[in-house]
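Take a look at the structure below.
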Amino acid sequence: MPIVFIPAQLKSLTGGVSQVEMEVDNVGQVIEQLEAQFPGIRDRLCDGDQLAPTLQVSVDSSMGTRGLRTRVAEAQEVHFLPVIGGG
Amino acid sequence: MKDFDYSAPTSVQEATTLLAEHGEQARMLAGGTDIIVQLREGLRDARMVIDIKKIPELMAIDYSAESGLTLGAGVPCYRVYENQEISAAYPALADSTHIIGGWQIQSRASVGGNLCNSSPAADTIPSLISLAASCRIAGPDGERDVAAADFCTGPGRNVLQPGELLVSIQFPPPTAQSSSAYERFIPRNEMDIAVVGAGSWVQLDESGSTIEQARITLAAVGPTPLVAQQAADSLSGQEASEENLAAAGNLAREVASPIDDMRGTIEYRVHLVGVLVTRTLTRAVARARGES
Amino acid sequence: MSSGNGSYRVIGTRPRRHDGAEKVTGSAIYGNDVQLPGLLSGFILRSPHAHARITSIDTSEAEAMEGVFAVISGKDFPEVADKIADLGEGAVNLSYLSDNVMAKTKVLYKGHAVAAVAAANVHIAEEAAAKIKVEYEVLPSVTWVMDAMQDDAPLLHENLCTDHMGEKDEKPSNTAVHMHFEKGNVEEGFAAADVIVEREFKTATVHQGYIEPHVSVADWTTSGRLKIWTATQGAFTARQQTAEVLQIPISKVVVTPCEIGGGFGGKIAVYVEPVVALLSKKCGRPVKITMTRADVFEGSGPTPGSFMRVKVGATSDGKLVAGEAWLAYDAGAYPGGMIGPGCMCVFSCYDIEHALVDGYDVCLNKPHTSAYRAPGATQVAFAMEQVLDEIAEQLGICKLEIRQFNAAKEGVRRVDGPVYPRIGLVECLDAVAQSDHWNSPLEGENRGRGIGVGFWFGCGLKSSVNASVNHDGTVNLTEGSPDIGGTRTSIAMQLAEVLGIDTFDVIPQVVDTDSVGYTDVTGGSRVTFATGLAAYEAGLDLQKQMVIRAADLWECPVDEITVEEGEFKGAGNSASFKELAQQLFKDGEPLVARASVAPDCATNGFAVHIVDLEVDPETGKVTILRYTAVQDAGKAIHPSYVEGQMQGGAVQGIGWALNEEYYFNDDDTMDNASFLDYRMPTMLDVPMIDTIIVEAANPDHPYGVRGVGEPPIIPPPAAIANVMSEAISKRFYDLPMSPPKVWKALSETS
Amino acid sequence: MAKTVLVTTTINGESTEFLCKPRESLLEILRNKLGMTGSKEGCNNGNCGACTVLIDGLPVDSCLVLGVEVEGVEITTIEGIADIGQLDPVQDCFLEGAALQCGICTPGFIVAARALLDKKPDADEQTIRFDLSGNLCRCTGYDKIVRAIQAVQESN
């Protein structure tokens with residue numbers, strides 16, 4: 001199952017849980033399942049029906065290019081990271 | 001840049017007439033490397049810019065071992081340091097002119113302009129003072145001479161009165177067993193304003209071991225270039241030893257009255273005076289002995 | 001170790017660049033070189049104060065001047081929603097962006113634009129600007145990050161409250177964002193450590209220092225189309241930002257990216273574009289504004305100054321077991337600085353089981369910060385690499401070996417979570433160990449040698465290209481990546497490699513936003529990687545089309561056509577790409593391909609630099625004696641331009657280490673806004689910069705390319721600081737390590 | 001308003017006349033009046049060398065020269081360095097040695113390097129670095145620029 005890493009700053013919402021395994025196909029479903037388990041977490045990760053513009057999602061070592069539609073496969077890791085600009 | 005008129009007189013007479021006519025609103029243009037920047041940045045104002053480069057007297061170099069050097073006020077730096085006779089006779093002057101700006105600046109910037117801009121950090125002025133140069137000034141009432149040491153009166157200010165023009169700088173003929181050196185400290189290796197500068201001249205005795213006389217001048221540690229008289233006097237009749245030169249360097253620190261600014265702190269500048277005076281004395285002594 | 005040509009025909013060679021002749025003869029057109037009929041010149045009036053409320057602006061006298069065509073100020077700009085826009089590389093709050101382009105109610109830094117004039121020439125524009133009467137109510141200001149975080153600090157934004165990943169404090173603050181990362185359990189980690197080193201560090205604000213000032217030309221035509229020619233790292237982001245600030249559809253804007261005189265991250269945000277656009281709209285003539293050099297320092301985006309506390313623990317064998325960092329970075333006048341990557345990079349070079357990082361993005365009265373080559377990473381490397389050296393010193397371990405022992409490698413998890421794929425740090429460190437430089441003797445007093453390590457992500461983002469085959473078999477390649485360092489050629493080489501043709505059989509062009517698909521900025525070390533990937537894919541498409549057409553031409557089944565090194569064969573026929581292209585031109589539709597990509601991987605670049613230096617103990621001045629930059633390029637497409645990135649980044653880093661800084665007066669205005677006083681390295685301040693290119697192929701690129709632009713700026717301050725300790729037994733925790741500071745440290749010993 | 005002045009000068013071997021106001025710099029004249037945009041504006045106060053041209057064979061920052069000053073002189077700009085269809089060896093070596101990245105400082109470097117090589121064909125590395133320290137480059141780290149100039153020396 002994919003493993004979702006809870007950002008350290010949101011662990012207060014998960015009672016200290018830092019990783020959650022869940023049966024999902026994409027990041028949108030990750031958010032839904034997280035919200036179901038840890039109410040309030042969606043607002044911290046999303047802006048309306050989109051990933052918060054200050055965040056990006058990484059699936060294993062790839063940076064998701066499709067926002068909430070970014071696919072997540074078996075045994076992959078999901079991380080929520082700040083967006084990075086480069087020079 | 002604000003609007004101004006331009007004139008390029010061909011004689012000193014014509015220039016002083018123009019100056020008299022425009023008074024405070026006239027600015028002299030030699031190499032332009034200070035004045036054009038200052039006009040552009042609004043640091044100085046001018047209604048009339050007088051280009052002095054068409055006046056033959058101001059662009060002339062006249063040197064002989066007997067009579068010394070008369071350097072026209074508009075002569076650009078490169079003509080000084082590329083002149084082997086002048087470089088040999090007045091090494092501190094060559095040192096100074098070779099490190100003002102980069103090559104592009106040296107193609108235009110003049111010693112006279114550097115003097116008239118009268119920056120406390122000017123690189124040529126300590127050399128002029130230590131070489132006992134004197135400044136020939138033309139004005140409505142004719143010509144007068146002022147010692148280089150007396151020329152600057154404050155940051156950006158000098159003895160030139162309205163209507164007056166620097167014509168040339170005269171250097172006494174070099175004597176045997178004498179030499180000079182200028183060094184400045186800058187964080188980069190070129191293209192920088194002196195944090196501290198020091199120009200030293202020494203006259204050795206015939207044996208080359210004893211200093212008969214010395215002159216030491218400092219830049220960027222006061223409102224004008226400063227003469228370190230006591231330090232220079234301390235060397236008279238003394239052996240040109242490492243210890244004595246270092247002691248003079250230490251003594252020179254006493255005249256320094258620098259400010260804290262982005263280029264350095266008071267403490268650092270005072271320290272650098274000691275370092276640079278010692279280094280320039282050492283180099284001047286070596287040159288006087290023909291060692292470098 | 002340097003790249004050989006391997007099995008490639010084109011890749012790894014060093015052809016001249018396609019745009020080279022124009023650039024060495026002066027005929028290349030940069031933004032300032034654009035001339036249009038009726039072109040006016042503009043000038044921007046800027047705030048003399050670091051922080052002030054604008055109480056009134058009277059432009060009447062300026063408008064009345066002869067030769068003045070238009071005057072604008074903040075009130076001429078449309079209201080912009082407080083909304084965050086995704087700019088591809090990073091996100092921006094549009095109201096902040098608009099306010100930064102032209103102040104509306106408050107000025108937040110000296111140099112903040114308050115009004116602008118278009119006139120017959122720049123002198124009149126400047127004189128007119130001086131006649132604009134702006135009244136200010138001067139407010140208390142703050143320019144040091146730790147001061148700005150205090151409760152009683154002057155507030156820049158009355159409604160700004162600290163955001164903790166989506167949760168906001170109630171009380172207003174200059175701290176815009178707090179970030180927090182954890183991995184493992186640091187308390188446990190430190191408990192297991194035999195040695196712990198904790199230090200505090202400060203770095204000054206520095207500027208990218210591109211030689212070309214910001215410049216833009218706008219022509220708001222009567223058709224309603226806004227045409228912009230500008231110096232930008234990304235025409236599409238310039239288009240989007242300009243459209244958003246002006247509240248017009250992006251389809252109304254076309255941006256032509258001119259040749260660009262350096263960017264390094266500083267030419268991504270718009271500064272001048274919306275201003276010239278509004279001036280042009282107002283007077284109906286095209287308008288150009290070129291920033292003065294002082295404007296560039298004071299009114300564009302330098303990169304953050306910082307305060308950092310870093311603590312690292314290791315066991316007696318040198319294994320790093322725990323790391324903790326507390327980082328506060330300048331955001332400048334508006335939120336949104338470089339703290340994210342700072343947090344993510346502080347421990348990114350090493351395998352540390354337990355780590356914790358807190359980071360703060362802090363507003364203060366300096367220009368809004370921008371990216372500068374690996375933004376945020378150079379600061380943390382300066383801290384982390386020194387702490388690591390001190391651990392090595394305490395444990396008596398070789399400084400290279402402790403890095404080799406702890407180096408990040410495939411499978412190592414970073415503090416921000418992701419696990420590295422194949423990376424090349426170990427190979428870089430091994431290359432150091434084997435290098436002539438590392439193994440050569442170094443003698444003399446006040447001299448030392450040391451190393452520093454840096455990591456940068458390198459991103460993919462979006463790129464598009466079009467490739468059209470000419471009837472002589474050459475290929476026109478149009479792309480949207482402004483070429484700042486030879487990328488036309490490094491992209492063209494990848495297309496040439498696929499097609500089996502020569503570099504100069506590809507004719508690359510960088511075109512405007514109407515003429516190619518969306519392309520993100522030239523930044524993030526992405527162009528040779530991502531736009532190169534698009535060119536590669538366009539090449540594959542062309543080849544596929546030609547196989548089908550060759551089968552038709554030679555009357556054989558498609559699967560009988562083979563292509564090897566550009567040679568098409570089938571049914572007893574054979575033709576090179578160029579020959580076949582010429583035949584096909586007479587035989588049906590033109591051959592055209594396009595490709596667009598959005599690679600989702602980071603390219604993960606590492607750099608290790610070796611420095612020898614000498615300190616003059618009398619003046620505190622540092623002379624760099626010898627310098628070697630080692631870097632994993634994945635695959636060097638054009639080795640000369642890879643070396644160029646490494647050398648240029650190294651020298652920028654040397655400047656950052658030794659002299660560069662924004663020097664602020666007591667009234668928080670910048671005192672050294674010129675090249676003379678900002679003191680970037682001249683040619684005389686540096687030695688030759690030797691390079692060693694390591695090639696640990698990036699698995700996510702067909703040729704193995706990794707981004708190379710950013711990593712080389714990261715190690716220099718760290719490496720130089722480490723060598724200072726070797727040379728004079730002094731550690732420097734503040735940047736820059738300028739002569740007065742070095743002398744002061746030395747004088748305190750004696 | 002100041003008087004407009006007619007200036008007659010020689011640029012890249014061609015006799016040229018232009019009208020200017022005294023406050024206009026040579027750089028402005030070249031770029032805005034004569035369409036010679038190869039000389040670049042980097043700082044407009046003599047600190048970067050991007051606007052370097054030769055006046056009577058000497059390198060100067062054209063931003064620090066007034067247009068009215070160039071009456072009767074001979075000016076060489078980057079546009080006059082190459083022959084028709086034939087790059088100068090300095091240009092050739094810059095290209096071959098990848099001694100440019102963004103290219104904005106390149107015209108100034110090439111003009112100054114040409115002057116240096118004409119005057120001191122055997123300049124050593126230290127002399128090259130000293131004499132060209134008035135030209136700033138932010139992209140290359142200078143290594144390949146120095147090597148390009150050395151390559152010109154080697155080809156002679």
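Just so we're on the same page: letters track the sequence lines, and every chain starts at 1. From a predicted model like this one, the values you see are computed outputs, not experimental measurements.
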What part of [X] is in contact with chain C, defined as an atom under 4.5 angstrom from a non-hydrogen atom: side chain, backbone, both or neither?
X	answer
D:Asn32	both
D:Leu87	side chain
D:Glu125	side chain
D:Ile81	neither
D:Thr140	backbone
D:Asp88	neither

Where does [X] contact chain D at under 4.5 Å (heavy atoms): side chain, backbone, both or neither?
X	value
C:Thr292	neither
C:Gln652	both
C:Ile713	neither
C:Thr487	neither
C:Thr25	both
C:Glu259	neither
C:Ile260	backbone
C:Pro15	neither
C:Ala28	backbone

**Message:** Taking the basic N atoms (NZ, or NE/NH1/NH2) and the acidic carboxylate oxygens, is any pair closer than 4.0 Å for C:Lys288 and D:Glu41?
**Reply:**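 So C:Lys288 does not pair with D:Glu41 through a salt bridge.
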**Item:** D:Arg31 bridged to C:Asp33 by N-O distance under 4.0 Å
**Value:**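 Between C:Asp33 and D:Arg31 there is a salt bridge, with a charged N closer than 4.0 Å to a carboxylate O.
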**Request:** Count the heavy-atom pairs under 4.5 Å between each of C:Val651, C:Ile654, C:Asp685, C:Ile484 and chain D, then report the option with the highest count.
**Result:**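 Among the listed options, the one with the most contacts to chain D is C:Ile484.
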Between [X] and [Y], is any pair of side-chain heavy atoms under 4.5 Å apart?
X	Y	result
D:Arg129	C:Val686	yes
D:Thr106	C:Lys23	no
C:Gln208	D:Arg138	no
D:Asp92	C:Arg16	yes
D:Thr37	C:Asn32	no

**Prompt:** If you count heavy-atom pairs under 4.5 Å with chain C, which of D:Glu79, D:Gln126, D:Glu96 comes out on top?
**Reply:**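 Result: the option with the highest number of such pairs is D:Glu96.
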**Request:** Run the numbers on D:Val146 and C:Met683 for side-chain contact (heavy atoms from CB on, under 4.5 Å), then give the verdict.
**Result:** CA-CA 8 Å; D:Val146 176; C:Met683 196 180 246; 3.8 Å; yes
**Message:** Is it the case that the side chain of D:Gln91 and the backbone of C:Val24 share a donor-acceptor pair, with hydrogens and angles ignored and the cut-off at 3.5 Å?
**Reply:**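 Yes; at least one donor-acceptor contact below 3.5 Å.
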